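Quantities reported herein were computed from a predicted structural model and do not represent experimental measurements.
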Amino acid sequence: MAYPFGDIEKKWQEYWSEHKTFRAENNSAKPKFYALDMFPYPSGAGLHVGHPLGYIASDIVSRYKRLKGFNVLHPMGYDSFGLPAEQYAIQTGQHPEKTTKENIARYREQMDKIGFSFDWTREVQTSDPNYYKWTQWIFLKLFNSWYNPETDKAELIQNLIQKFSSQNSKVKIGEAEKFWNECSEKEKSDVLMNYRLAYLSEAWVNWCPQLGTVLANEEVKDGVSERGGYPVERKLMPQWSLRITAYANRLLNDLEKIDWSESIKESQRNWIGRSEGSSLKFQIPDSKFQIEVFTTRPDTVFGVTFITLAPESELVSRLTTPENKKAVDEYVHYAKNRSERERQSDVKKVTGQFTGAYAIHPFTGEKLPIWIGDYVLAGYGTGAVMGVPAHDTRDFAFAKHFGLPIIQVVQPPVNSSPNGGGQEGASCFDGKEGKCLNSDLLNGLEVKDAIKKIISEIEKRGLGKGKTQFRLRDAIFGRQRYWGEPIPIYYEKGIPKVIEEKHLPLELPQVDKYLPTETGEPPLARAADWYYHPNGGVTSPPLRGGDRGGVGGALELTTMPGWAGSSWYYLRYMVQDVKHIKPEDDKAFADKNSINYWRDVDLYIGGAEHATGHLLYVRFWTKFLFDLGLIPVIEPAKKLINQGMIQGRSMLLFRYIFVEAEKKSSIVSDLNKHLEAQGDSPYSPDDIRAEFSNGHLCHVNAIHVFENVNYRCSSVTPIHIPIEYVDDKNRLFRNKLLELQKREAFYKESVYENKISWSKDEVGNEFFLLTDEVEKMSKSKRNVVTPDDICKNFGADTLRLYEMFLGPLEQSKPWNTNGISGVFGFLNKFWRLFMSPSGGGQGGGQDERFSVSNEEPTKPELKTLHKTIKKIQDDIEHYSFNTSVSAFMICTNELTELKCNKRAILEPLVILLSPFAPHIAEELWNKLGHKESISFAPFPVYNESHTIDDSYAYPVSFNGKMRFNIELSLSLTPAEIEKEVLAFDQTKKYLEGKQPKKVIVVPKKIVNIVV
RNA sequence: GCUCGGGUGGUGGAACUGGUAUACACGCAGGACUUAAAAUCCUGUGGGCAUAAAAGCCCGUACGGGUUCGAUUCCCGUCCCGAGCACCA
């Protein structure tokens, strides 16, 4: 019979909750350990089996650290602002707060059943006004700060204002310059916007019409929105942004200081994208304008044959000659209206237009035609490039397409790729090695040296200077959405002003609908009294200043993006009992003492999908708060582990639609096109015929397709069947489908039940064999598996062990429960070590009685125990939890074999197991007579002397092939070992009478004889 | 295209800094207990050759080379899978 996990787990979960066992103290003499999980977005599908993977790992480490005498902070909360709740609100009219609350309750219930040692008194929710008050507060700090390049850190904007006014500096107003002290309030505000770390500007944004909002770069994948997959366009609009680019260098350099996975660091490096080069100015004859370009290859300057501007560049309209105006306007119009997706998908398509204008080559004085091309990005560098077709593939393609001249200026090294010529017309060579030619003062120099020389020359002649450019863009911070933190800004006479700190939080107003207004304003515009007055705040009664005069004004209508709240939440957890703190006692985002005690996260576990989003922003905010002296650390987390994704197994039914066609063969090729796209091998017509008759592919509108071959496959649509309707052999039974169709109209409409060619099982039930596919686990794919059933059927301890046993934490793997019985079996076997059958029943019987002996342990028993202590300790330190589970199994198998039920062995073993399977461990600990929770028991100390053997079975190899073992004393010297081995009977056999050439003896490892 | 991971039995996966490849578990096969089933326990299980049986031999960590007494591990080349970036000048 199985051990009574149900009762045990309930009992101890209640005990921990009642005794607040895992409440972390901020005043402690113990060393601190902060283990953090990326908090979840509470989605409507509930917690699936992938979520706990990381939580279990961090929980094991947390519990282990407690046993090791650390004061452990292991908190949990919710990233509860976000799009899905809002989309749901739009559909149903329900306030997103309501669904969010419900989802959180469900998550909590599920988490509680897994037995995590979270300190729930520190729970945070980003959508809680008590929390987002401080998110808004940090925003105000960003607004009121600028980045001082001289001190290389953020400083108060007040310092800059002071500087401007005391020096009466000249500042730029549009294209004009003006003295600071002569500027109007509005002009001053505009100037400062170029410095503030949170600023408002006209910016090209990723606009997603379907979602009605702008998206950050990392929220756009392949030209469509990450959430929902809707098309994204480029649009110029006023936007709040954060000046993360000011931190680009530090974000890049400090990666060296943290122990994060190489892949995350690499992603961040790519994303920040530092490149070193030079700026260079090209004069335009008879014009007040000039073109500045950025290049990483100033050494190729003598190969420049044209200049290309981005279509969005301001210079375009100014430089275009009258006779080219029409063509240029048309091209610009075309380029701007190409969606981001089109632009990215046909990268190979070369488009462009000549402006009619020319620039002067700064070294040769030659006339260079100025072109526009949409391969030049407006947002990078200066939005203009110098075209060096011989040594840049894009310039090459452009020059080829428009018949522009190509001049080779670098001779590739001889051993480089065979056809990488760089010769005029042939192909281009973009390697950063070789010798310069046709390059005046650079001739004969190696590329590297040429770069140095030309930069100093450029600088000497005042043509430009050496420069570092980053790919990273400022982060767009406003969202035209309801369910996010309101941005604490109001507009007085058109000037953005901050809300006073004492009026925070600026709470989300009630609105009648969660949609944009008829005039296209964000949902917050629907709020009746969305005005601010510095004397009265926002609330009762709102004093309206209005936009046109008086004090106060309309509040900002956009809200913050999803990542705002998560950029600093690790700090909020540091506050003792933060969940129950009263607003009037809440004096800081986190109090100084707490911050100085906990400092930073020691272990952070979460998904790799946040590599360039959350994980970059949280580093940015950390550095900013550090600069302001608010926190003592420059990085949020010392160690980061990315847990692998647990994928789901989707069940797919393909709907093939056939239509009439003229040609016979097309059905085969159409079908094969689809199968190849899926990675399946193509089918011959016979194969397809066979598949159809087997029922595999046969979900079609025209079943008789092979009798009447004049059909072709016009579409193939995969339909996700909810996995709970499918049996473990991928079979969808007809009655199940009917049941599903009754419940969900979608399946009624999309699946033609009477067109399916059903197969029959042994008893005659009709079924159809579905295709399975490993995909991300998600609600929309209908493949979500929750941990609930496993907790119910096997218990939380089994779930915890099984998730760890699945493989290395960082590896992604599809969920399957094939091996769960092994883990469950292990726990039962472990339980039985402590039990003896009371009535002499058979094989463990039903009447188990707790029975542990106080006898002295034997040597083999001690050896097993200490070997396991060492293994578990090493494994946890290396986050290798799958191998620990194996070690526990081996240990239990050995002790069962030894029939060991001795307290001296089992008691330490229970402590050892407790981080992994805390419920069963608490129960056994209690049965062993302890009154306190096992959570703070001392971790057993490894004693090497118990594991040392005096002899070792040496594997003896001949020419590297292992043949047999010899048991030899470990006290022997290598020479003695050699002698023993050579004297051994079997050795003679393998020597076949020959003399050994050489004998290698590695003590305690191996003996190898070379013949 | 560039960068970073990774390829081990039927399956998930072990193997410390080069030293007995396939631990542990699943699955499968056989057996014990049982009226029977479940549960539990035991035995076997990389492939091939060979044998009455035992011993024994050969091949095997994606593929081809190399270094080494010895390579899953290190080096070079190729193929495949996954992830990130992708007209970033």
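In this view, A:Phe282 satisfies the ring pair (Phe, Tyr, Trp, His ring centres under 6.0 Å) rule with no residue, not counting sequence neighbours. Scored by the ring pair (Phe, Tyr, Trp, His ring centres under 6.0 Å) test, A:Phe470 finds no partners at all (sequence neighbours excluded). Annotation: ring pair (Phe, Tyr, Trp, His ring centres under 6.0 Å) contacts of A:Tyr331 (sequence neighbours excluded): A:Tyr334. Qualifying side chain to side chain donor-acceptor pair (under 3.5 Å) partners for A:Thr896, counting only residues two or more places apart in sequence or in other chains: none. Residues passing the side chain to side chain donor-acceptor pair (under 3.5 Å) test with A:Asp259, sequence neighbours excluded: A:Lys639. Legend: residues meeting ring pair (Phe, Tyr, Trp, His ring centres under 6.0 Å) with A:Phe306, ordered by chain and number and at least two apart, are A:Phe398.
Contacts of A:Asp874 with the nucleic acid, taken as non-hydrogen atoms under 4.0 Å apart, are absent. Within the 4.0 angstrom heavy-atom criterion, no nucleotide atom of any strand lies near A:Thr393. The residue A:Lys265 sits apart from the nucleic acid: no heavy atom pair falls under 4.0 Å.
Distances from the side chain of A:Met889 to the nucleotides B:rA89, B:rC85, B:rA25 place B:rA25 closest. Nearest nucleotide to the A:Val376 side chain, out of B:rA89, B:rU20, B:rC85: B:rA89. Listed nucleotides B:rA25, B:rC41, B:rU3 differ in distance to A:Asn893; the shortest reach to its side chain belongs to B:rA25. Closest to the A:Val1010 side chain, of the nucleotides B:rA89, B:rC69, B:rA23, is B:rC69. Closest to the side chain of A:Met962, out of B:rC87, B:rG84, B:rA21, is B:rA21. When the nucleotides B:rC87, B:rC69, B:rG84 are ranked by their closest atom to the side chain of A:Lys998, B:rC69 comes out on top.
Rounded to the nearest Å, the gap between the C1' atom of B:rA15 and that of B:rU20 is 11 Å. The separation of B:rC75 from B:rC16, taken at their P atoms, amounts to 16 Å, rounded to a whole angstrom. For the P atom pair drawn from B:rA83 and B:rG19, the interatomic distance equals 32 Å after rounding to whole Å. When the P atom is compared between B:rA38 and B:rU22, the two are found 32 Å apart, to the nearest whole Å. With both ends at atom P, the span from B:rG60 to B:rG9 equals 14 Å, rounded to whole Å. When the P atom is compared between B:rU8 and B:rU61, the two are found 11 Å apart, to the nearest whole Å. Separating the P atom of B:rG84 from that of B:rU78 is a span of 25 Å, rounded to the nearest Å. Comparing the P positions of B:rA54 and B:rG44 gives an interatomic distance of 13 Å, to the nearest angstrom.
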Table of protein N/O atoms under 3.5 Å from nucleotides 55-57 of chain B N/O atoms:
from: B:rC57; atom 1: OP1; to: A:Tyr990; atom 2: OH; distance (Å): 3.2

Please tabulate the protein-to-nucleotide N/O contacts below 3.5 Å involving nucleotides 13-19 of chain B, giving atom names and distances.
from: B:rG13; atom 1: OP1; to: A:Gln811; atom 2: NE2; distance (Å): 2.8
from: B:rG13; atom 1: O3'; to: A:Asn882; atom 2: ND2; distance (Å): 3.4
from: B:rA14; atom 1: OP1; to: A:Asn882; atom 2: ND2; distance (Å): 2.8

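A:Thr947 places none of its side-chain heavy atoms less than 4.5 Å from the side chain of A:Lys870. Residues A:Leu809 and A:Phe881 are in side-chain contact: their nearest non-hydrogen atoms beyond the backbone lie under 4.5 Å apart. Inter-residue side-chain proximity for A:Arg619 and A:Trp260 is flagged as met; some heavy-atom pair is nearer than 4.5 Å.
Taking atom CG of residue A:Leu368 and atom C1' of nucleotide B:rA89, one finds them 16 Å apart after rounding to whole Å. Regarding A:Gln268, its CD atom lies at a distance of 15 Å from the C1' atom of B:rA83, rounded to whole Å. Summarising the geometry, the separation between CZ on A:Phe916 and C1' on B:rC24 is reported as 14 Å, rounded to the nearest angstrom. If you take CG of A:Asn959 and P of B:rA71, they are 11 Å apart, rounded to a whole angstrom. Rounded to a whole Å, the CZ atom of A:Phe830 is 18 Å from the P atom of B:rC24. When rounded to the nearest whole Å, the span between CG of A:Asp392 and C1' of B:rG1 equals 13 Å. Separating the OH atom of A:Tyr954 from the P atom of B:rU20 is a distance of 13 Å, rounded to the nearest angstrom. Distance A:Ile872 CD1 to B:rC24 P: 15 Å, rounded to the nearest Å.
Residues A:Glu276 and A:Arg274 are paired through a salt bridge, judged by an N-O separation under 4.0 Å between the basic side chain and the carboxylate.
Residue pairs meeting the salt bridge (charged side-chain N to carboxylate O under 4.0 Å, His left out) criterion with at least one partner in residues 801-820 of chain A, sequence neighbours excluded, do not occur; the list is empty.
Note on A:Arg471: a side-chain N or O is less than 4.0 Å away from OP1 or OP2 of B:rA86. Considering only side-chain N and O atoms, A:Ser275 lies under 4.0 angstrom from the phosphate OP1 or OP2 of B:rA89.
Other residues, nucleotides and ligands contribute over 12 non-hydrogen atoms within 6.0 Å of the NZ atom of A:Lys867.
Under the 30°/60° scheme for interplanar angles, the aromatic rings of A:Trp371 and A:Phe402 are found to be tilted. Ring-plane geometry between A:Phe5 and A:Phe824 is classed as perpendicular, the angle between the planes exceeding 60 degrees on a 0 to 90 degree scale with a lower cut at 30.
Each of A:Gln469 and A:Ser263 lies near RNA chain B, and the nucleotide nearest A:Ser263 is the one positioned closer to the 5' end. Both A:Gly383 and A:Lys829 lie near RNA chain B, and the one whose nearest nucleotide falls closer to the 5' end is A:Lys829.
For residues 815-826 of chain A, proximity to RNA chain B is found at A:Asn818, A:Gly819, A:Ser821, A:Gly822, defined as any non-hydrogen atom under 4.0 angstrom from a strand atom.
For B:rG9, the O4'-C1' to base torsion is within 90° of 0; the nucleotide is therefore syn.
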With a 3.5 Å cut-off and sequence neighbours excluded, list the donor-acceptor pairs that the side chains of residues 952-960 of chain A form with protein atoms.
from: A:Tyr952; atom 1: OH; to: A:Lys1005; atom 2: O; distance (Å): 3.2
from: A:Tyr954; atom 1: OH; to: A:Lys1004; atom 2: N; distance (Å): 2.8
from: A:Asn959; atom 1: OD1; to: A:Val1011; atom 2: N; distance (Å): 3.1

Q: Could you summarise the pairing of RNA chain B as dot-bracket text, marking Watson-Crick and G-U pairs under 3.5 Å with ( ) or [ ] inside the strand and | across strands?
A: (((((((..(((......[....)))((((((.......))))))((((......))))..(((((..]....))))))))))))....

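A donor-acceptor pair shorter than 3.5 Å cannot be found between the side chains of A:Tyr802 and A:Ser821.
By the 6.0 Å and 45° rule, A:Arg649 does not stack over the aromatic ring of A:Trp815.
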